[in-house]
Amino acid sequence: LDRHWTQMFQRMGIEPMAEFSQINLQMMLDANVNDFTNDFDELSTAAAKEHGLKKAMAFMKRDWDPHEFGTNERNGVPLLKGIDDIQTVLDDHISKTQAIRSSPFCKPFEAEVHKWEATLMYIQDFIDQTIALQRSWMALEPIFVSDDIKRQLPQESGNFARIYQSFRMRRKQVDDTRIFIKISQYEHIVEDMPERNTTIEKVQKGLKDYLETKRLYFPRFFFLNDADLLSILAETKDPTLVQPHMGKAFEGIAKVRFDKDNRIIEAMISAEGELVELVTQIDVMKPGNVGAVERWLVEVEESMMDTLRHVTKKSNEAYAVADRVKWCCEWPGQVVLCTDCIYFTSEMTEALKSNSVAEYEKKCFAQLENIVVLVRGEMTKLNRVTVGAMVTIDVHARDEVTQLVKDRVDSPEDFAWLKQLRYYWQDKGTFERVDTLKPNTKMECKVCIVNSTLLYGFEYLGNTARLVITPLTDRCYRTLMGAFALYYGGAPEGPAGTGKTESTKDLAKALSIQCVVFNC
C-alpha cells in the first residue's frame, strides 16, 4: 500500500524516486535499500499480515451473501426456523472477528473491524431475542385465542394483543428482507425486543397466578400440567370438551354422561366401561357454574363420594338378603369389594366372640366353591374382573381364618385378628371424627389394622384387578397404615421390581384413595 511505501522512504530519509507503482528492484538497490533490511522486513511483514486480515474480513462478508433467514408461517406470522447452521457460522465469525480485532496489525482498519463485530453481535442479539419471544409467543398464542381466557384475563390478553401486533409487523419486515446483514439496518429492531420479552414474561406470570387460583379452588388441578389445565379452562362454553381430561383429575372416572342438552351430568363412567349413576346430578349451566369448570368439578367430586356411600349402603343391605353369587354381579366392582370386606369383618368378629371360627372357616370354603362355579359359566367382562378381585381378597381371608383356627384364636382382641385389615360400616352420627371432633355427618367406613384407623376415601376407582396379598403385603399395610394414622409418610425400600409401588397402589385401592405416581 502507499502507506507502507511512504513509511519506508521516511525511514531511508529520501524522497521517492518515482510513482510507487513504477518503482522497481533496481531503483531500490540504487537507493541503498540493503542498508535498511530490518526496516524493510518489518514493514513488509506488517503489510502481509494486514493483507491477510483484510482478506479474512472480505471473505467473512462474502460468506454471508448466500445465508438467509428461513421462516415458517403460523397464523399469519412468519416464524424464524432452521437457524442451527447459521448460528454455527455466526459463532465462528464472531470468534474470528474478535481475533482480528486483538491483532496488532489491524490498527489501520480498526474502525472497519469494530463496525463488523458490532453488526455480528447485533445479529446475534436479534436471533437470541427473537427466539425467546417466538418461543413464548408460540406457547401463549393458542391460549389467548380462546374468548373464555380473554374474558377471564383482560389485562394479560390486552398486553399479549399488543405484543402480537408489533411482533407480526417486525417478522413481516424480516421476511421481506431475509438477508442477515440487512437486518442490522432496520431501526430499533433489536432494541424493541427486550421490552416485548419483559411484557410477555409479565403475561406468563399473570397466567400462572390465574392457574394457581384455579388449582387452589380445585386441588386436583395440581396433578395436571399447565397445558392440560389451560385446555380445560379454554373450553368453558362447552363442558363436554372437558371429557378427555377427566381421567387426569379422577383416577376412576374416564368420562361422564351428560343429558341430551349437555347440561346435566347424570353418571360417571370408568375406563373399563362401568357406569355408575350419580345420586346428586350436576347442573353445569346453573348460575355460578357457567364458565367455571373448577366449580362444577368440585360438585362432581362431592357427588362421586356421596354416590359411593349411597350405593355401598344399598349393597350392604342387599348382601344380607340376596344370594351372594347373584349379588356380586349386580353392583359396581369397587362396592362389591367394600361390602365383601365389611361383612367378612363383621362375621369373623361374631365367630370369634361365639368361638365358632372353625364353622366360619367351612363357610369361607363354601363361598369360594360357589364362586368357582360362577366363574366357569358365562359372565360379562366387567363381572369377571369384579369376581376376580373378590376371589383374590376372599382367598386371603380364607387363609387367615385357617391360620386363626390353627392358632386356636378365640377373641376379637387377639393380635392375630387385630393385625388384619378390617372394615367397619358407620352410619351417620355413630362416631366422633378425629379431624373435627364432632359426630360424623355422612356415612363412613372405618378401615382398621392393629390400633390404626383411617376412613375409607370413597374415591371411585373403577373396576380393576387387585394385587395378590402375601405376608409381606400385610406387613407393608400395617406399617403404612400406622404411619398414616400418625400423620407420617412411608418409604418402602427394596430392589427394583419387587412390588413397592404396586403394594402402595393396592393399599390406596383398599382405602379408596386416589394414588398418583410420580417418576421423580
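A distance-only check finds no donor-acceptor pair linking the side chain of T498 to the backbone of G494 [under 3.5 Å]. At distances below 3.5 Å, at least one donor-acceptor pair connects side-chain atoms of K509 with backbone N or O atoms of A465. Side chain of S136 to backbone of A132: a donor-acceptor contact under 3.5 angstrom is found. Counting only distance, with no hydrogens or angles, the side chain of K353 and the backbone of M348 share no donor-acceptor pair below 3.5 Å. Using a distance-only test at 3.5 Å, with no hydrogens or angles considered, a donor-acceptor pair links the side chain of T213 to the main chain of Y210. Not one N or O on the side chain of S303 forms a donor-acceptor pair closer than 3.5 Å with the backbone of E299.
Other residues, nucleotides and ligands contribute over 12 non-hydrogen atoms within 6.0 Å of the CD atom of E266. Counting non-hydrogen atoms of other residues, nucleotides and ligands closer than 6.0 Å to CZ of R408 gives a total of 12 or fewer. Heavy-atom contacts from other residues, nucleotides or ligands closer than 6.0 Å to NZ of K505 number 12 or fewer.
Going from atom OG1 of T402 over to atom CD of E361 covers 3.5 Å, rounded to the nearest 0.5 Å. Taking CD1 of I449 as the reference point, atom CG of L421 lies at 5.0 Å (rounded to 0.5 Å). The CZ atom of R295 sits 10.0 Å away from atom NZ of K286, with the distance rounded to the nearest 0.5 Å. In this structure, the separation between NZ on K326 and CG on L374 is 11.5 Å, given to the nearest 0.5 Å. Atom CD of residue Q243 and atom CD1 of residue I253 lie 10.0 Å apart, to the nearest 0.5 angstrom. Atom CG of L229 sits about 5.0 Å away from atom CG of L211, to the nearest 0.5 Å.
The minimum heavy-atom distance between A416 and Q420, with the atom names listed, is O-NE2, 3.4 Å. Across all their heavy atoms, T345 and W417 have their closest contact at O-CZ2, 4.0 Å. E317 and V321 get closest at one heavy-atom pair: O-CG2, 3.7 Å. Closest approach of G288 to A292, counting heavy atoms only: O-CB, 3.6 Å. When all heavy atoms of G457 and I513 are compared, the pair lying nearest together is CA-CG1, 4.4 Å. Nearest heavy atom pair, residue A508 against residue L461, reads O-CD1, 4.2 Å.
With salt bridges taken as basic N to acidic carboxylate O contacts below 4.0 Å, none links R422 and E400. R220 and E301 are joined by a salt bridge, as a carboxylate oxygen and a charged side-chain nitrogen come within less than 4.0 angstrom of each other. Checked for salt-bridge contact, E156 and K205 miss the test: no charged N lies under 4.0 Å from a carboxylate O. Between R215 and E294 no salt bridge is recorded (no basic side-chain N to carboxylate O distance below 4.0 Å). The residues D228 and K248 are annotated as salt-bridged, a charged nitrogen and a carboxylate oxygen being separated by less than 4.0 angstrom. For the pair D306 and R309, the salt-bridge criterion is met [side-chain N within less than 4.0 Å of a carboxylate O]. Taking a cutoff of 4.0 Å between a charged side-chain nitrogen and a carboxylate oxygen, K362 and E359 do not qualify as a salt bridge.
Screening residues 378-394 for side chain to side chain donor-acceptor pair (under 3.5 Å) gives R324-D394, T380-N383, T386-N463 as the qualifying pairs, with residues at least two apart or on separate chains. Evaluation of the side chain to side chain donor-acceptor pair (under 3.5 Å) test over residues 269-284, restricted to residues two or more places apart or in two chains, returns R257-E277, R263-D283, S270-E272, E274-Y460.
In this structure, a donor-acceptor pair under 3.5 Å is absent between the side chains of T501 and T504. With 3.5 Å as the limit, one finds a donor-acceptor pair spanning the side chains of W327 and S315. Side-chain atoms of N316 and Y343 form no donor-acceptor pair, as typed in the model, at a separation below 3.5 Å.
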Residue pair V293, F218: steps toward the side chain to side chain contact (heavy atoms under 4.5 Å, CB included) verdict: CA-CA 9 Å; V293 180; F218 184 59; over 6 Å; no

Test log, rule side chain to side chain contact (heavy atoms under 4.5 Å, CB included), inputs D91 and Q124: CA-CA 9 Å; D91 291 340; Q124 181 67 70; 3.5 Å; yes

So W425 and S346, side chain to side chain donor-acceptor pair (under 3.5 Å) or not? Walk me through it. CA-CA 9 Å; W425 185 257; S346 173; over 6 Å; no

Before giving the answer on side chain to side chain contact (heavy atoms under 4.5 Å, CB included), spell out for T464 and V385 the whole-Å C-alpha distance, their side-chain angles and the decisive distance to 0.1 Å. CA-CA 7 Å; T464 56; V385 174; 5.6 Å; no

Given E201 and N197, is the side chain to side chain donor-acceptor pair (under 3.5 Å) satisfied, shown in steps? CA-CA 6 Å; E201 284 174 8; N197 275 317; over 6 Å; no

Assess whether side chain to side chain donor-acceptor pair (under 3.5 Å) is satisfied between Q403 and D407, documenting all intermediate values. CA-CA 6 Å; Q403 190 62 43; D407 296 342; 3.3 Å; yes

Worked verdict on T430 versus Q426 for side chain to side chain donor-acceptor pair (under 3.5 Å): CA-CA 6 Å; T430 55; Q426 303 288 329; 3.2 Å; yes

Give the intermediate values and the outcome of side chain to side chain contact (heavy atoms under 4.5 Å, CB included) for residues F415 and V450. CA-CA 7 Å; F415 182 76; V450 193; 3.9 Å; yes

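Under the salt bridge (charged side-chain N to carboxylate O under 4.0 Å, His left out) test applied with E444, the options K313, R433, K428 reduce to a single match, R433.
Between M285 and N262 the shortest side-chain heavy-atom distance does not fall below 4.5 Å. For the pair Y319/I342, no side-chain contact is recorded, criterion being any heavy-atom separation below 4.5 Å from C-beta on. T312 places a side-chain heavy atom less than 4.5 Å from the side chain of T339. Contact annotation: the side chain of Y424 never approaches that of V447 to less than 4.5 Å [non-hydrogen atoms, C-beta and beyond]. A 4.5 Å side-chain heavy-atom check between E432 and N440 finds every atom pair outside the cut-off. The closest side-chain heavy-atom distance from F221 to L216 is not below 4.5 Å. T198 has its side chain within reach of K202: a pair of non-hydrogen atoms, C-beta onward, lies under 4.5 Å apart. Between I264 and V284, every side-chain heavy-atom pair lies at or beyond the 4.5 Å cut-off.
Annotation: F458 is in aromatic contact with Y456 [ring centroid separation under 6.0 Å].
Ring planes of F258 and W296: perpendicular class, angle over 60° (limits at 30 and 60°).
Judged as a side-chain hydrogen bond (donor to acceptor under 3.5 Å, both in side chains), and not counting sequence neighbours, the contacts of R162 are N159.
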